[in-house]
Amino acid sequence: MREIRGQDAQGSGHWLASRGSRKHLGIDYVCEEGEIICSDIDGTITKIGYPYNPNDKTKGHLRYVEVTDKNRSRVRYFYVKPVVKKGDKIDAGSPVGKSQDLTRIYKGITQHYHLEIIAYVNPEEYFK
């Protein structure tokens, strides 16, 4: 079972933890730098992106990988150096990347990767 990042010098990794005027919209899972991070779902790699401006000298190297399933739900893995490319088909349990080091950027933070899910819901069902 994965461990959620608790309170540290940079905050908490729990769902909806305070981020000043906003909320944390994912979960941070504790890991070691370079740890293999695997997909939780079967799907297709639909995006390999940058959570920050890639020209940022401090954080521009950080990446994320997005896996989309057959229902168009998207699971994003942040602070992960990709070992896949856009368009790849992937099975649950297959590697998407290796965790990137955050401890040099954010002093006092627990090493982790961030996972968030973007899912569509039927508006008719939602408002019943």
What's the separation between atom [atom1] in [X] and atom [atom2] in [Y], rounded to the nearest 0.5 Å?
| X | Y | atom1 | atom2 | result |
| --- | --- | --- | --- | --- |
| C38 | Y77 | SG | OH | 8.5 Å |
| L115 | I37 | CG | CD1 | 9.5 Å |
| I45 | K89 | CD1 | NZ | 10.0 Å |
| D8 | I109 | CG | CD1 | 5.5 Å |
| I105 | T58 | CD1 | OG1 | 7.0 Å |
| E66 | R74 | CD | CZ | 5.0 Å |

task = Report yes or no: do T103 and Q111 form a side-chain donor-acceptor pair below 3.5 Å?
result =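 No.
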request  = Answer yes if Y120 and Y126 sit in the same cluster of Ile, Leu, Val, Met, Phe, Trp and Tyr residues linked by side chain heavy atoms under 4.5 Å apart, and no otherwise.
outcome  =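 Y120 does not cluster with Y126.
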When you measure from the side chain of [X] to the backbone N and O of [Y], does any donor-acceptor pair fall under 3.5 Å?
| X | Y | value |
| --- | --- | --- |
| H14 | S12 | no |
| S99 | G34 | yes |
| S39 | A92 | no |

task = Please report the C-alpha distance between Y113 and Y29 in whole Å, then the side-chain angles of each, then the deciding distance to 0.1 Å, and finally whether the ring pair (Phe, Tyr, Trp, His ring centres under 6.0 Å) criterion is met.
result = CA-CA 5 Å; Y113 71 96; Y29 288 112; 5.7 Å; yes
What heavy-atom pair brings [X] and [Y] nearest, and what distance separates the two atoms?
| X | Y | result |
| --- | --- | --- |
| Q100 | H61 | NE2-O, 3.1 Å |
| V67 | G43 | CG1-CA, 4.0 Å |
| E32 | E35 | N-OE1, 2.9 Å |
| L25 | E116 | O-CB, 3.4 Å |
| I4 | G13 | CG2-O, 3.7 Å |

query = Who passes salt bridge (Lys or Arg N to Asp or Glu O under 4.0 Å) against R72, sequence neighbours left out?
reply =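 With sequence neighbours excluded, R72 shows a salt bridge (Lys or Arg N to Asp or Glu O under 4.0 Å) to no residue whatsoever.
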message = Test of understanding: with salt bridge (Lys or Arg N to Asp or Glu O under 4.0 Å), list the residues that count as partners of K23, not counting sequence neighbours.
response =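 With sequence neighbours excluded, K23 shows a salt bridge (Lys or Arg N to Asp or Glu O under 4.0 Å) to no residue whatsoever.
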ask   = Cationic tip of R63 within the cone over Y50's six-membered ring, i.e. under 6.0 Å and within 45° of the normal?
value =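 Yes, R63 and Y50 form such a contact.
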ask   = Are any non-hydrogen side-chain atoms of H112 and L102 less than 4.5 angstrom apart?
value =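 Side-chain contact under 4.5 Å: yes.
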Flag side-chain contact, heavy atom, 4.5 Å: H114 against H24 =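 Of all side-chain heavy-atom pairs linking H24 with H114, at least one is under 4.5 Å.
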Carboxylate-amine/guanidinium proximity below 4.0 Å for D56 and K59 =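 A salt bridge is absent here (no side-chain N lies under 4.0 Å from a carboxylate O).
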message = Under 4.0 Å between a side-chain nitrogen and a carboxylate oxygen: does that hold for R2 and D28?
response =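 D28 and R2: not salt-bridged.
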query = Any idea how F78 and Y64 line up, ring-wise: parallel (<30°), tilted (30 to 60°), or perpendicular (>60°)?
reply =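 Rings of F78 and Y64: parallel, as their planes differ by under 30°.
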key: Option from I117, D69, V65 for which side chain to side chain contact (heavy atoms under 4.5 Å, CB included) with V75 holds   =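 Among the candidates, only I117 passes.
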